[in-house]
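In what follows, a single structure is set out as structure tokens and then discussed.
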Amino acid sequence: MEMDRNSIIGLVLIFLILIGFAWYNQPSEAELQTLKHQQDSLSMMRKQQDSLKMLELQANTVNDSIKKNTFDSAAATATYGTFASFSKGEEAFTKLENEELIVTFTNKGGRIYSVQLKNQKRFDKKDLILFTGEQNKFNYAFKTEDGKTIETQNLYFTPVVNNDGKSLAMQVKLGEGQYIEQVYTLTPDNQQMLGYKLNLVGMQQTIAASNNHLDLNWKQQILNQEKNFANEVNTTTAYYKTPEVTPEFIAETKDEKKDITTPIQWISYKQQFFNTTIIADKNFEGGNIETLTDVSLETLKTISTNVTIPYTHTNNESFGMKFYFGPNHYKTLAKLDIELERIIPMGWGVFRWVNKYFVINVFYFLSQYIGSFGIIILLLTIIIKTLVFPMVYKSYISAAKMRVMKPELDVIKEKYGDDMTKIQQENMKLYRTVGVNPLGGCIPMLLQLPILFAMFQFFPSAFELRQEAFLWAEDLSTYDSIYTLPFTLPGYGNHVSLFTILMTISSLVYTHYNNQMTAVTGQMKWLSYIMPVIFMFVLNNYAAGLNYYYFLSNLTTIAQQLAIRSFVDDKVIHAQLQENKKKPVKVSKFQQKLEEMAKQRGIDLNKKK
């Protein structure tokens, strides 16, 4: 207790000593005034020094600017000659707008700066911008009489907007009656179109006499708009149309440069659901087109076109074009009557015919009356399956015949053991006797393949399905996802598509049912189960609309075969085949062909046992 009191007394004394020391050493009033005066003087000196430095910096900036401007003026004259005064300026923007487009123009180069599709959105619901800024370059190059190479992308044009707000002229005016002009006009009859005309007035004395054409360079970085980046890259490329030839394209899956020696009617930069297309009023002269995949994954691809337009050195020359900015909508593009609809992948040969003349027309007809595209796909499936029902029926009957013949085929196999030549000979003789075509079940199925493959082309490219929701799928044009995996499976992805799972399950059920019906055994039985599993991996990243159709198609086929089985009696079929043995043998052309092939292999089907 005594120790505590001593400690407290000691602490108090120390505290009092510190206060006393501070009081004793505090400056007097006179000392405080002196200190304040010194600080004020020092502060003023610092401010003066800062002001002097600022004035010096400003003077240096002005001097640098004067030097720079003097140098730029000289350099501009050396580089641009008569166009030198148009190589300097400040970039400014002008807009034209209609119900579908917002087109922004820059005076630098007098070109289109950006295009927004007002009624469309990206997959993330942001505004859909086809391109903006330096992502789109549109440049003319030519030689002048004083030996300069002029590129319009380096010149500042003067914008002149028409009173109606639908037309814009960009001018570089060298003098009275001497100018380059680019005129842009929103066309009233097609809201996706932008008219364009290049006017060269009084330029025959300025452009070099050796220049019989102008070089046009059009370069664009294609922006990502859809959820499935990889799929969008693989559907992005350039198409072009030459006279009297079907539109051609650069392969989507590789980078390539194509030289074109014939005139070109139009050039289209096409991605999965949208395109930017230049259509010449008169043909472009030859040139080249190149695609380059963006390895940085910031954009899909960079597509460049170099073409030439004619110039004949007259006083007033014009070259007209039209720009199309919009969706890859088949009916819309077909109305242009320039075969631009060919940029939409529909398959080749018979697959394209199925899509063009049947699927598209049925799909569009139903969409006029039904708002849900999930219901439309259901009805489309029912219509298709109704049309192919006769083929399904024939395939079932053929399989039933093979099924009831199996005991007899097993007897032949048991009798001749490993002698495959003899087994084949006796099997063919049995088929001919009872009047059965062993490939009868395959032919009807093969006839259905064009429709199936047509669907594989149609659904991933059908613009109508874009951003259309159905059940749990937010967008039928891309994959649906009910669960995101914490890892990525090679060949499968990092998500689980429920429509793909349903398609796979229905395929396995159909395979199981079909194997029972055809009595398939051995390796073929197990191989038949592998294909649905492979398709599950392949189609997991495909359009939900396609997997939904495939699922409905499987269910409908199973229902059709169950219905057929309910009124087709295997005993009746077996009795009919036994009755056929009593009739004269009729050999079809197909069986004749099989016999010819067998004879070539040394098998005599008519040889007596």
Side-chain angles (χ1 to χ4, degrees), residues 120-126 128 222-237 252-253 270-274 293-294 297 299-301 327-329 344-347 355 359 363 367 372-378 380-381 452-508 530-555:
Q120 306 296 333
K121 295 292 182 182
R122 282 168 42 90
F123 72 94
D124 54 10
K125 307 306 179 184
K126 294 180 181 178
L128 196 150
I222 312 300
L223 299 180
N224 166 233
Q225 310 291 356
E226 312 303 328
K227 180 171 71 172
N228 193 332
F229 185 92
N231 188 53
E232 196 175 9
V233 169
N234 292 332
T235 55
T236 298
T237 190
E252 296 97 331
T253 55
K270 174 257 175 189
Q271 54 196 104
Q272 186 175 4
F273 290 116
F274 300 95
T293 303
D294 185 359
L297 299 181
T299 57
L300 300 171
K301 290 182 181 180
N328 302 336
H329 185 272
I344 302 174
M346 291 289 177
N355 273 325
V359 177
F363 191 81
S367 64
S372 171
F373 283 90
I375 301 300
I376 290 173
I377 295 174
L378 171 62
L380 179 64
T381 307
L452 179 61
F453 283 117
M455 296 298 100
F456 269 77
Q457 292 287 339
F458 175 76
F459 284 108
S461 60
F463 178 79
E464 287 75 10
L465 296 182
R466 185 178 185 269
Q467 297 183 355
E468 291 292 336
F470 181 67
L471 299 178
W472 57 85
E474 297 178 352
D475 185 346
L476 286 171
S477 70
T478 188
Y479 61 83
D480 61 299
S481 177
I482 59 168
Y483 180 71
T484 301
L485 300 172
F487 50 84
T488 299
L489 284 175
Y492 184 77
N494 65 346
H495 66 274
V496 177
S497 166
L498 182 54
F499 274 129
T500 307
I501 296 296
L502 292 174
M503 178 276 297
T504 304
I505 293 173
S506 64
S507 297
L508 291 171
I530 293 177
M531 287 306 297
V533 177
I534 293 176
F535 267 73
M536 180 184 71
F537 278 80
V538 172
L539 297 181
N540 192 57
N541 288 299
Y542 266 64
L546 174 62
N547 284 305
Y548 173 52
Y549 166 78
Y550 205 164
F551 167 63
L552 293 175
S553 179
N554 285 338
L555 292 184

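Just so we're clear, the structure is a prediction, and the values are computed from it rather than from any experiment. Along the sequence shown, residues carry numbers from 1.
- Heavy atoms of other residues, nucleotides or ligands lying less than 6.0 angstrom from CZ of F551 number more than 12.
- Counting non-hydrogen atoms of neighbouring residues, nucleotides and ligands closer than 6.0 angstrom, the CD atom of E474 reaches no more than 12 such neighbours.
- For the pair F273/S477, a side-chain contact is recorded, criterion being any heavy-atom separation below 4.5 Å from C-beta on.
- Within the 4.5 Å cutoff, side-chain heavy atoms of N224 are placed close to those of R122.
- Checking each of Y542, F456, F470, F459 against Y549 for a ring pair (Phe, Tyr, Trp, His ring centres under 6.0 Å) leaves exactly one that passes, namely F459.
- Y479 has its side chain out of reach of N231: every pair of non-hydrogen atoms, C-beta onward, lies at least 4.5 Å apart.
- Annotation: side chain of T381 is not in contact with side chain of L555 (no heavy-atom distance under 4.5 Å).
- Side chains of S497 and D480: a donor on one and an acceptor on the other come within 3.5 Å.
- The minimum heavy-atom distance linking I344 with N328 is given by the pair CD1-O, 3.2 Å.
- Heavy-atom minimum distance, A473 versus A544: CB-CB, 4.2 Å.
- Pairing each heavy atom of G493 with each of L485, the nearest pair is O-CD1, 3.9 Å.
- Applying the ring pair (Phe, Tyr, Trp, His ring centres under 6.0 Å) test to F499 and every residue at least two apart in sequence or in another chain returns W472, Y548.
- Atom CZ of F535 is separated from atom CG of L508 by 12.5 Å, given to the nearest 0.5 angstrom.
- Contact of the H329 side chain with the E464 side chain is registered, since non-hydrogen atoms from C-beta on lie closer than 4.5 Å.
- The line from CG of L498 to CG of L471 is 9.0 Å long, rounded to the nearest 0.5 Å.
- Between the CD atom in Q467 and the CG atom in D475 there is a gap of 6.0 Å [rounded to 0.5 Å].
- Looking at E226, its side chain never comes within 3.5 Å of a backbone N or O of Q272 through a donor-acceptor pair.
- Between the side chain of K227 and the backbone N or O of D124 there is no donor-acceptor pair closer than 3.5 Å.
- In terms of modelled atom types and a separation under 3.5 Å, the side chain of N547 and the main chain of N540 share no donor-acceptor contact.
- Q120 has its side chain out of reach of Q225: every pair of non-hydrogen atoms, C-beta onward, lies at least 4.5 Å apart.
- Atom CE of M536 and atom OG of S507 lie 11.0 Å apart (nearest 0.5 Å).
- Using a 4.5 Å heavy-atom cutoff, the side chains of M455 and N355 are in contact.
- One finds the CG atom of N494 at 8.0 Å from the CG atom of N541 (value rounded to the nearest 0.5 Å).
- Side-chain contact check for N228 and T478: no donor-acceptor pair (N or O, by modelled atom type) lies under 3.5 Å.
- Going from atom NZ of K301 over to atom CD of E252 covers 6.5 Å, rounded to the nearest 0.5 Å.
- Residue L300 forms a side-chain contact (heavy atoms from CB on, under 4.5 Å) with just one option from T237, D294, L223, V233, and that option is V233.
- Under the ring pair (Phe, Tyr, Trp, His ring centres under 6.0 Å) criterion, F363 pairs with F373, F458, sequence neighbours left out.
- Taking the side chain as every heavy atom from C-beta outward, L539 and M503 approach each other to under 4.5 Å.
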